[in-house]
Amino acid sequence: MIDAQDYPAAPTDARDGRADTPAHPAAGGREPREAAAERWVAEYGDVLWRFALARTRSAQAAEEIVQDTMLAAMQGFEAFAGQSSERTWLLGIAAHKVADHFRRSRRRKGHVENDDGTCACEACRRMFTAKGLWRRVGSRWRDPADGTVEKTEQLRALRGCIDALPPGQGEALWMRDVLGVPAPAVCEGMGLTPTGLWTRLHRARLALRTCMEEKIGQKRKGRT
Amino acid sequence: MMRFVLDVYHVLNTSCEAHTELFSRAVDEPLRPGEVCGLRLHMLYCRGCRRFRRHLAQMRSLAAMLGRRAISDAGTGLGAGLPAAVRDRLMARLRREAANG
């Protein structure tokens, strides 16, 4: 089960000062770096992993991020004076590594990012007539109770549809709608203007709707 | 008042395709009163837009649930902790790093 608290929450929040966080060992006798790193993996490995995986949706990227975070933490170990809990400190580093990851993947994609969405929009354009009217009314989607097999099916369909979006759209939608990251934070993380994000989300949602309609829409009988 | 009337007029005179943009924007920020009113009027007679709006809401709630829940697929369940193999690789890397100073 996901620790809901780890979710959209920014890495710095009040509950990190909780009592079960051990006092920073560097305060008294200095802990060797290696021992500290091993302790971090044991104590915060799961949290960091979930944090990175939830944001990047890629096990490979998450592994890189956790590793880079630990390496950076070993480097900065002396400088960390224990102003915040270790958990906050490590999550803060991880947040930077996640931002780096998105920056790198943007650069790799290069110009493709600019006309991002046009391909998905092609499919979506078929939703409308030339005058912009609905070509066909969407079918009714069932709304099963939580915990039913059907709900799980719908969730799986959604996951598949999000993964099928162009990367830029998928990332934006994942952060905004799935993780519930506030729009300004998504803009910052992805280097977008509010309008840019909004356009991208709109395209993503249209594409998602088309995809979901195919997967979970009721098969229509005769007339639409 | 003028703004309100213009917004209503504008919404009623644009296509359903443009309306989907408004529905989508409404998720992220409040629309102007005239836009809301225009959409409501439009939806009285447009089944396509009514359905679309409902689909958006359903997708939103599914997405939020996806965020809360562990959906495991191909071993990379979002809810799972650090996999053992990753942990081993990580420890090996850190020890190497520590040895190099």
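Basis for what follows: all heavy atoms, side chains included, without hydrogens, waters or symmetry-related copies.
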- prompt: Looking at B:R60, B:R25, B:R95, B:M91, which makes the most heavy-atom pairs under 4.5 Å with chain A?
  reply: B:R25
query: Passes side chain to side chain contact (heavy atoms under 4.5 Å, CB included), B:L66 versus A:W174? Steps please.
result: CA-CA 10 Å; B:L66 192 62; A:W174 185 264; 3.8 Å; yes
field: Proximity breakdown for B:R50 and chain A, heavy-atom pairs closer than 4.5 Å
entry: neither
query: In terms of heavy-atom pairs under 4.5 Å, which option from A:Q67, A:R205, A:R140, A:Q154 contacts chain B the most?
result: A:R205
Which of A:V66, A:L197, A:L71 touches chain B most, by non-hydrogen pairs under 4.5 Å: A:L71
message: Check this for me, if you would: do B:D28 and A:R200 make a salt bridge, where the nitrogen-to-carboxylate-oxygen distance has to be below 4.0 angstrom?
response: no
message: Counting C-beta onward and ignoring hydrogens, is there a side-chain heavy-atom pair between A:W198 and B:V27 closer than 4.5 Å?
response: no
message: To the nearest 0.5 Å, what is the distance between NE2 on A:H202 and CG on B:L56?
response: 9.5 Å
- prompt: Considering all heavy atoms of both residues, which atom of B:G48 and which atom of A:W134 are nearest to each other, and what is their separation?
  reply: C-NE1, 3.3 Å
query: Are any non-hydrogen side-chain atoms of A:W40 and B:L94 less than 4.5 angstrom apart?
result: no
- request: Look up atom CG in A:L206 and atom OG1 in B:T20, then write down how far apart they are to the nearest 0.5 Å.
  value: 4.5 Å
Contacting region of A:L48 [heavy-atom separation from chain B under 4.5 Å]: neither
- request: Considering only heavy atoms and a distance below 4.5 Å, find which of B:C46, B:S61, B:S15, B:A18 pairs most often with chain A.
  value: B:S15
- request: Just give me the residue among A:E63, A:M74, A:R176 that pairs up with chain B most often, heavy atom to heavy atom, under 4.5 Å.
  value: A:E63
query: So, for A:D177 and B:A63, which heavy atoms are closest and what is the spacing to 0.1 Å?
result: O-CB, 3.6 Å
query: Can B:R93 and A:D68 be counted as an ion pair, charged N to O under 4.0 angstrom?
result: no
field: B:M65 side chain reached by A:L158 side chain, heavy atoms, under 4.5 Å
entry: no
field: Validation row: A:R209, B:M59 side chains within 4.5 angstrom (heavy atoms)
entry: yes
Donor-acceptor contact present, side-chain B:R51 to main-chain A:G138, <3.5 Å: yes
- line: Per-residue tally against chain B (heavy atom, under 4.5 Å) across A:M212, A:E38, A:M70 peaks at A:E38
- prompt: In terms of heavy-atom proximity below 4.5 Å to chain B, should A:W141 be classed as side chain, backbone, both, or neither?
  reply: both
query: Salt bridge check: are A:K131 and B:E17 linked by an N-O gap of less than 4.0 Å?
result: no
Exam field: side chain B:H55 to backbone A:S139, donor-acceptor pair closer than 3.5 Å: yes
field: Euclidean distance, B:C16 SG relative to A:M127 CE, rounded to 0.5 Å
entry: 10.5 Å
statement: In terms of heavy-atom contacts, A:D46 and B:L82 come closest through OD1-N, 2.8 Å
- prompt: Going through the checks in order, is the side chain to side chain contact (heavy atoms under 4.5 Å, CB included) test met by B:R54 and A:D143?
  reply: CA-CA 11 Å; B:R54 177 148 173 71; A:D143 194 4; 4.2 Å; yes
message: Tell me whether B:E29 at atom CD has more than 12 heavy atoms from other residues, nucleotides or ligands lying less than 6.0 Å away.
response: yes
- prompt: B:Q58 versus chain A, heavy atoms under 4.5 Å apart: side chain, backbone, both or neither?
  reply: side chain
